[in-house]
There are 2 protein chains.
Amino acid sequence: MARTQGSHAEITGPKIRTEALRLFAESGYAAVSMREIARAVGVQAGALYNYTPDKQALLFSLLKGHMDDLAEALSALPRAAAPMERLQTFVHFHIAFHLERPQAVFIAYMELRNLTPENFAVIEAQRRDYETGLEEILRAGMATGAFSVPDSKLATLAIIAMLTGVTTWYRPGGRLPLKAVQDRYWDLTRQMVTA
Amino acid sequence: MARTQGSHAEITGPKIRTEALRLFAESGYAAVSMREIARAVGVQAGALYNYTPDKQALLFSLLKGHMDDLAEALSALPRAAAPMERLQTFVHFHIAFHLERPQAVFIAYMELRNLTPENFAVIEAQRRDYETGLEEILRAGMATGAFSVPDSKLATLAIIAMLTGVTTWYRPGGRLPLKAVQDRYWDLTRQMVTA
DNA sequence: GTCTATATCACGATAGAC
DNA sequence: GTCTATCGTGATATAGAC
């Protein structure tokens, strides 16, 4: 009953995004052709242009969706009273979120330079907003005396770089389960921000 | 007296490497054409093949040279007696080395997937060797009781990710001079590894 | 919505003159 | 060592049939 033609919008649309994300993460935006995406989806190259005006818009859409997810998840975190608990929540959240979607995280880092300047500005602003979320926790902890962090901006960038680095080595089924990774990064983070 | 032909090997060879490094860092290996490199160097595309068998070998040569420089600089560090001093030296060194050559650092991270499997294995082994250099410092500090780091492998990766992250935001002439950046990252690192 | 076919252009790499 | 010219291939994107 397999059809080689006809309408499959409900399947094709999401599948284009899934396969493009996978291929961009594996080989890089510039190295992946529209023909290659089409082959993975199971359509001809021309059919992709029913779903995206061009390749650049497809990349931007994937990155924008990822950053939107991140912002939404961050805003949904519980606002515990104490900065120490808020920081612990953030550390656990950041690691889990990033390990759950390694492909999106990878292209959000690697393919920024393949965005047009306008699209880059949008994503970069979202990244700064996310960083500000952590910085506010650090500043709150400074105010209560819970943390000892002379330069909250630098510490914010240091912590995010340290935590995001987990995506470069973590593999499901590896030496440490997710929970252990979260706990150990939290130990390191806690020691780092307390005198 | 400008010549448009003739031999310029002593100029062209290094210039190809400089321009290729710059262009790969700016736009990515896959997005840069041999014609583009040739234009930046001031020769025709065909002339590049007097210096490299192909584009892949050019990329590998740049990455290999960078990793060789890193290994050589690491081995030249003073072997201070105390792990605390050795770690401080490492932190200052790692930051200075990486900030001195942002383009090479960038492509050493971003273009690994554009290496052939054989070339990738070579670079990856060098990266592991470098990480081992830090891990040995941490283990030495554990042995003397100077450090409190339950998982030296994870702490190694966390520290390197944190320190290398400086390349994503540091700009010469910015808010903090190099020395201040080194000192603040050392403060964070020291707090992180001591209980 | 998908297909086939194609316009237009650029790519990596090579050959042979100088 | 560099040039010009080119081979063979594949890229993005579009047009029009179904």
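Bear in mind the structure is a predicted one, so any value in this text is a computation, not a measurement. Each chain gets a letter, A, B and so on, in the order the sequences are listed, and its residues count up from 1.
Between the CG atom of Asp54(A) and the C1' atom of dT8(C) there is a distance of 17 Å, given to the nearest Å. Rounded to whole Å, the distance from NZ on Lys55(B) to C1' on dA13(C) is 12 Å. Between the CG atom of Leu59(B) and the P atom of dG12(C) there is a distance of 13 Å, rounded to whole Å. Rounded to an integer number of Å, the gap from CE of Met34(A) to P of dT4(C) is 17 Å. Distance CZ (Arg35(B)) to P (dC7(D)): 13 Å, rounded to an integer number of Å. Summarising the geometry, the separation between CG on Leu58(B) and C1' on dA13(C) is reported as 14 Å, rounded to the nearest angstrom.
For the residue pair Arg17(B) and Ser61(B), a side-chain donor N or O sits within less than 3.5 Å of a side-chain acceptor on the partner. With hydrogens and angles left out, the side-chain atoms of Glu131(B) and Thr156(B) include no donor and acceptor closer than 3.5 Å.
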For residues 119-127 of chain A, which side-chain donor-acceptor pairs fall under 3.5 Å, sequence neighbours excluded?
unit_1: Asn119(A); atom_1: ND2; unit_2: Gln56(A); atom_2: OE1; d: 2.9
unit_1: Asn119(A); atom_1: ND2; unit_2: Thr116(A); atom_2: OG1; d: 3.2
unit_1: Gln126(A); atom_1: NE2; unit_2: Asp68(A); atom_2: OD1; d: 2.7
unit_1: Arg127(A); atom_1: NH2; unit_2: Ala108(A); atom_2: O; d: 3.1

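With contacts defined as side-chain heavy-atom distances shorter than 4.5 Å, the pair Glu26(B)/Arg113(A) does not qualify. Between Arg39(B) and Glu19(B), the closest side-chain pair of non-hydrogen atoms is not below 4.5 Å.
Residue Thr12(A) places no side-chain N or O under 4.0 Å from the OP1 or OP2 atom of dG1(C). Between Ser33(B) and the phosphate of dA10(C), there is no side-chain N or O to OP1/OP2 separation shorter than 4.0 Å.
Looking at residues 36-52 of chain B, you'll see Gly46(B), Tyr49(B) sit with a heavy atom under 4.0 Å from some atom of DNA chain C.
If you look at Tyr130(A) and Phe90(A), their ring centroids are closer than 6.0 Å.
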